[in-house]
Amino acid sequence: MTLQHDAAPVAPGDAAAPVNHAHELEIVEVVAETAEAVSIVLDVPEHAESRFRYRPGQFLTVQIPTERPTGAARSYSLSSSPHFETDLVITVKRTHGGYASNWLCDNARPGRTLTVLPPSGQFTPAGLDNDVLLVGAGSGITPLMSIAKSVLIGGSGTVYLLYANRDRPSTIFGRELTAMLAEFPTRFAVEYWFEDQQGLPTADALARSLELFSAYDAFVCGPAPFMALAHEALRRVGIPEGHITVEKYRSLEGDPFADVVVAPPADGESTATVTVTRDGRTVELAWPRRTKLLDLLLSQGFDAPYSCREGECSSCACTVTAGEVKMLKNDTLVDADLRAGLTLACQAVPITDQVSVDFDQ
Ligand SMILES: Cc1cc2nc3c(=O)[nH]c(=O)nc-3n(C[C@H](O)[C@H](O)[C@H](O)COP(=O)(O)OP(=O)(O)OC[C@H]3O[C@@H](n4cnc5c(N)ncnc54)[C@H](O)[C@@H]3O)c2cc1C
Ligand code: FES
């Protein structure tokens with residue numbers, strides 16, 4: 001690896017144009033999936049293709065037009081498969097009283113553009129040859145659909161989907177799932193749960209449905225109460241925690257599209273020094289102690305990964321290889337990640353005078 005770091009640490013304000021990952025993508029089609037959900041098909045221009053490569057189960061962050069001072073950024077999982085679909089597809093279900101989902105369902109039209117951040121997220125299978133158990137409810141089907149199609153078409157694993165909905169008409173992708181069942185009769189099975197016929201699911205009932213799949217890798221996505229039941233059912237079935245991956249839907253509170261502004265250190269304020277490595281490139285920067293690492297990097301023109309910028313998604317995770325940092329917020333890294341030295345660049349401030357972090361490890 002070639003070290004390209006500067007002889008003296010670069011002070012904030014000295015360097016290149018700030019990095020911003022936002023792209024405009026054109027809507028090429030809007031498909032009504034149910035009375036309350038639409039799929040929005042987005043074209044990726046050739047020059048941005050490398051930025052928009054994704055893994056099944058990942059999401060885009062979308063900027064919704066608003067007068068609100070905090071903006072309105074929301075994450076939407078990709079329902080398309082990177083293994084055979086060239087356009088990106090997000091599927092949005094109206095949330096009662098919600099701002100962004102209703103705006104998208106009412107305003108998305110072919111020819112209009114959406115401002116988005118590139119794909120991100122960890123809700124993705126380790127490989128496409130593993131057997132996967134997908135447990136979802138309502139709009140939680142979106143990333144599960146991407147995983148199911150990818151495993152069936154791009155891999156050799158088998159897929160079992162348990163899919164709960166209020167009733168049959170509110171079931172997103174019903175027709176597509178029927179077609180997939182016909183195409184992959186030995187590798188794909190779906191069990192529907194309709195609340196209007198069976199009542200609300202219980203952990204006991206779900207565990208009975210899932211008991212044959214204890215050796216599968218499980219992926220769970222849906223409303224919070226359903227996720228809790230499903231997780232409990234998977235534990236009862238005996239699937240180890242390390243083989244259960246969950247995607248929690250929530251609305252972002254801040255604005256990851258906002259320009260990054262880093263104030264230069266005040267007179268007399270000490271700075272730390274950080275050495276940062278990504279894609280084999282290493283830089284050394286002066287790090288004001290109250291500045292979050294990601295803000296520092298983006299403001300200095302260093303292309304660091306991010307999505308939410310609020311400690312929720314782990315897109316910005318990097319390994320601290322020397323020194324110590326503290327995170328102002330962490331809603332995503334678990335104990336094993338912390339033991340491995342991971343931190344969230346969007347929430348990290350320095351503790352020691354010298355810190356080294358690596359995005360490549
Ligand atoms: C990784 C990820 C992937 C996701 N994928 C999808 C997907 O594929 N499809 C999908 O449809 N969604 C998905 N979501 C959820 C999506 O990001 C939004 O959270 C969802 O669309 C609701 O946003 P909204 O702006 O419509 O609602 P919001 O405006 O955020 O409101 C949410 C709820 O809070 C209530 N509320 C709002 N403001 C207040 C207030 N001030 N006081 C009290 N209550 C209030 C609203 O009435 C509503 O019930 C995903 C989320 C994440 C994190
Ligand atoms: S960018 Fe999402 S956790 Fe840092």
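Note that the numbering runs from 1 along the sequence shown for the chain. Ligands are counted one by one from 1 in listed order, and the atoms in each one are counted from 1 as well.
- Nearest heavy-atom pair across S150 and P56 is OG-CB, 3.3 Å.
- Remark: ligand 2 atoms within the under-4.0 Å shell around heavy atoms of E312 are 3 (S).
- Protein heavy atoms all stay at least 4.0 Å away from atom 36 (N) of ligand 1.
- Every atom of ligand 1 is numbered from 1 in the order shown, and the set under 4.0 Å from a heavy atom of E247 is 1 (C).
- Considering OG1 of T332 and CD of Q122, their distance stands at 7.0 Å, rounded to 0.5 Å.
- There is no protein heavy atom less than 4.0 angstrom from atom 43 (C) of ligand 1.
- When hydrogens are left out, the protein atom nearest atom 50 (C) of ligand 1 is S75 O, 3.1 Å; that is the closest non-hydrogen contact.
- Protein heavy atoms come within 4.0 Å of atom 29 (O) of ligand 1.
- What sits closest to atom 4 (C) of ligand 1 on the protein, heavy atoms only, is Y249 CE1, 3.1 Å.
- In this structure, Q197 CD and R168 CZ are separated by 7.0 Å, a value rounded to the nearest 0.5 Å.
- For atom 3 (C) of ligand 1, the nearest non-hydrogen atom from the set P143, S307, S77, A73 belongs to S77.
- One finds the CG atom of N165 at 8.0 Å from the CD atom of E195 (value rounded to the nearest 0.5 Å).
- For atom 53 (C) of ligand 1, the nearest protein heavy atom is under 4.0 Å away.
- Atoms of ligand 2 found under 4.0 Å from any heavy atom of C308, numbered from 1 in the order shown, are 1 (S), 2 (Fe), 3 (S).
- Close approach of ligand 1 to R74 (heavy-atom distance below 4.0 Å) involves ligand atoms 17 (O), 18 (C), 23 (O), 24 (P), 25 (O), 28 (P), 29 (O), 30 (O).
- Interface atoms of ligand 1 facing V92, defined by a heavy-atom separation under 4.0 Å, are 11 (O).
- Nearest protein neighbour of atom 26 (O) of ligand 1, counting heavy atoms only, is S101 OG, 2.5 Å.
- Protein heavy atoms are found inside the 4.0 Å sphere centred on atom 13 (C) of ligand 1.
- With rounding to the nearest 0.5 Å, the separation of CG in L234 from NE2 in H243 is 12.5 Å.
- The heavy-atom pair separating T61 from S75 by the smallest distance is OG1-OG, 4.0 Å.
- Using a 4.0 Å cut-off between heavy atoms, H96 contacts ligand 1 through its backbone alone, with no side-chain atom that close.
- Taking a cut-off of under 4.0 Å to the non-hydrogen atoms of C346, the atoms of ligand 2 that pass are 1 (S), 3 (S), 4 (Fe).
- With a 4.0 Å heavy-atom cut-off, ligand 1 is reached by the backbone of T91 but not by any atom from C-beta on.
- In this structure, the protein non-hydrogen atom closest to atom 4 (Fe) of ligand 2 is C316 SG, 2.2 Å.
- Tested against F302 for a side-chain contact (heavy atoms from CB on, under 4.5 Å), the candidates V283, L296, V19, L294 yield a single pass: V283.
- Ring planes of Y192 and Y163: tilted class, angle from 30 to 60°.
- Listed by number with element, the atoms of ligand 2 under 4.0 Å from a non-hydrogen atom of S307 are 1 (S).
- At the shortest separation from atom 19 (O) of ligand 1 among protein heavy atoms lies S251 OG, 2.8 Å.
- Taking any N or O of F59, backbone or side chain, none lies under 3.5 Å from an N or O belonging to ligand 1.
- In the hydrophobic clustering of this structure, Y99 groups with L114; members are Ile, Leu, Val, Met, Phe, Trp, Tyr whose side-chain heavy atoms approach within less than 4.5 Å, directly or through other members.
- Side-chain atoms of K329 never come within 3.5 Å of backbone atoms of Q347 as a donor-acceptor pair (strictly under, hydrogens ignored).
- At a heavy-atom cutoff of 4.0 Å, ligand 2 is contacted by no atom of Q347, backbone or side chain.
- Counting the atoms of ligand 1 from 1 in the order shown, those under 4.0 Å from a heavy atom of G97 are 46 (C), 47 (O).
- Residue G311 has at least one heavy-atom neighbour below 4.0 Å for each of these atoms of ligand 2: 3 (S).
- Formation of a donor-acceptor pair under 3.5 Å by the S101 side chain with backbone atoms of T95 is found in this model.
- In the vicinity of K93, heavy-atom distances shorter than 4.0 Å reach the ligand 1 atoms 11 (O).
- Counting heavy atoms of neighbouring residues, nucleotides and ligands inside a 6.0 Å radius, atom CZ of R289 exceeds 12 of them.
- The distance from ligand 2 to the heavy atoms of R309 drops below 4.0 Å at these ligand atoms: 1 (S), 2 (Fe).
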Point to revise | Step-by-step salt bridge (charged side-chain N to carboxylate O under 4.0 Å, His left out) determination, R112 to D106 | key: CA-CA 12 Å; R112 198 163 187 161; D106 292 336; over 6 Å; no
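- Per-atom contact check: atom 40 (C) of ligand 1 does not touch the protein, criterion being a heavy-atom distance below 4.0 Å.
- Distance check: W287 CH2 to T275 OG1 gives 11.0 Å after rounding to the nearest 0.5 Å.
- Closest heavy-atom approach to atom 33 (C) of ligand 1 within the set I141, L78, I90, T95: this belongs to T95.
- Pairing each heavy atom of L210 with each of V237, the nearest pair is O-CG1, 3.6 Å.
- Given atom 3 (S) of ligand 2, the protein heavy atom at minimum distance is S314 N, 3.2 Å.
- The environment of D167 atom CG is dense: over 12 non-hydrogen atoms of other residues, nucleotides or ligands sit within 6.0 angstrom.
- The protein reaches atom 9 (N) of ligand 1 closely, with a heavy atom under 4.0 angstrom from it.
- For ligand 1, the atoms closer than 4.0 angstrom to any heavy atom of A100 are 24 (P), 25 (O), 26 (O).
- Contact annotation for Y76 and ligand 1: heavy atoms of both the backbone and the side chain come within less than 4.0 Å of the ligand.
- In the vicinity of T142, heavy-atom distances shorter than 4.0 Å reach the ligand 1 atoms 8 (O).
- In terms of protein heavy-atom proximity, atom 27 (O) of ligand 1 is nearest to G98 CA, 3.1 Å.
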Exercise for review: For R187 and D131, run salt bridge (charged side-chain N to carboxylate O under 4.0 Å, His left out): C-alpha distance rounded to whole Å, both residues' side-chain angles, the deciding distance at 0.1 Å, then the answer.
Suggested key: CA-CA 9 Å; R187 290 174 54 215; D131 297 331; over 6 Å; no
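- In this structure, K149 contributes its side chain and S79 its backbone to a donor-acceptor pair below 3.5 Å.
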**Study point:** E241/H231 under side-chain hydrogen bond (donor to acceptor under 3.5 Å, both in side chains): CA gap, chis, key distance, verdict
**Key:** CA-CA 9 Å; E241 273 308 314; H231 206 143; 3.1 Å; yes
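- Rounded to the nearest 0.5 angstrom, H23 NE2 and L60 CG are separated by 11.0 Å.
- Residue side and main chain included, C313 places an N/O/S atom under 2.8 Å of atom 2 (Fe) of ligand 2.
- If you look at K248 next to ligand 1, the close heavy atoms, those under 4.0 Å, all belong to the backbone.
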